[in-house]
Amino acid sequence: MSNVIDGKAVSAAVLEECRAEVGQLKADGITPGLAVVLVGEDPASKIYVGSKVRTCGDLGLHSRKIELSAETTQDELLRVVEELNADPAIHGILVQSPPPPHIDEEAIVRAIDPRKDVDGFHPENVAKLVLEDQSAFVPCTPAGCMRLLEEAGVETKGANAVVIGRSMIVGKPMALLLMAKGSDATVTVAHSRSRDLPAICRGADIVIAAVGRPEMVTADWVRDGAVVIDVGINRVDDASKKRGYRLTGDVAYDEVAPKCSAITPVPGGVGPMTIAMLMKNTLKAARQLG
Ligand code: GUN
């Protein structure tokens, strides 16, 4: 049996669940709607936003793509958010990150109605996650990682889990999800400056790598039979590729994979799950808002 966790297959299954839920919502008179706001011209962000909107179309959700120039002011962006907050056809609002440097991202996140905060970045949703309130919107990437662990049949109860990375988008919510009732893992949150990181990782049954450093986690960091979830998507120069770079995770996959009972590849692991969980969150928002 392969130890590779197929994120494309799991995300396809989640999207099929979403398709069924869209049908039920529509039967109840609710057409779920997602607004995606992009400020500026970042090419990677454009691709992400495009695939989010396309996935909405595939599933029958209403979507609105709002593309604003890189010169958009903080006040103009706040007004767009306020209009979306007040729009009954929109249940989920996502402002693509990172915005241009003159935008105060924290203030924008706080301006989003927490009931429409499908990224789960608003302080109210962060607090709900800490409180294990089931109405919380859980950030999409860690939610996707949890679903991958579940689908791979990984036992989290009593397991030692090490999360490398402490971001608000992945590391911190990931740690909360793993330690929550029902998951019951014993969680260590490490980061790039943790002392003796390799030794910390060697104690782990489950390693979540979300540190943003290409191939940092090497075979000597991982115990035999561990489960490794690689959240990293790093561009590294590669002259042999037509586009001049290749994508690699935070894990040195080729040397780590043979030691693992389960591992996610990059690409094709965590990446496809993020959009699928965004769709789930949008449907949850539509159901909760009615
Ligand atoms: N940029 C990269 N990932 C994300 C995400 O999950 N949400 C938002 N808003 N921006 C992102």
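Keep in mind the model is a prediction, meaning the values are calculated, not measured. Every number for a ligand or one of its atoms is a count from 1 in the order of the listing.
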Could you tell me whether E67 and K46 make a salt bridge, using a distance below 4.0 angstrom between a side-chain N and a carboxylate O?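 The answer is no: the pair does not qualify as a salt bridge.
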So, D238 and R243, do they make that salt bridge, N to O below 4.0 Å?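 Salt bridge: no.
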Between the protein and ligand 1, which nitrogen or oxygen pairs come in under 3.5 Å, and how far apart is each?
unit_1	atom_1	unit_2	atom_2	d
ligand 1	1 (N)	Q96	NE2	3.0
ligand 1	1 (N)	S97	O	2.9
ligand 1	7 (N)	D119	OD1	3.0
ligand 1	7 (N)	D119	OD2	3.4
ligand 1	9 (N)	V95	O	2.9
ligand 1	9 (N)	D119	OD2	2.6
ligand 1	10 (N)	S97	N	2.9

Any donor-acceptor pair under 3.5 Å from K259 side chain to V222 backbone: yes
Greater than 12 external heavy atoms within 6.0 Å of R115's CZ: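 It does not: R115 CZ has 12 such atoms or fewer within range.
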Under 3.5 Å, is there a donor-acceptor pair linking the side chains of D75 and T73?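 Judged by distance alone, the side chains do not pair up.
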Closest non-hydrogen atom pair between G290 and H91, with its separation: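 For G290 versus H91, the nearest heavy atoms are O-NE2, 4.1 Å.
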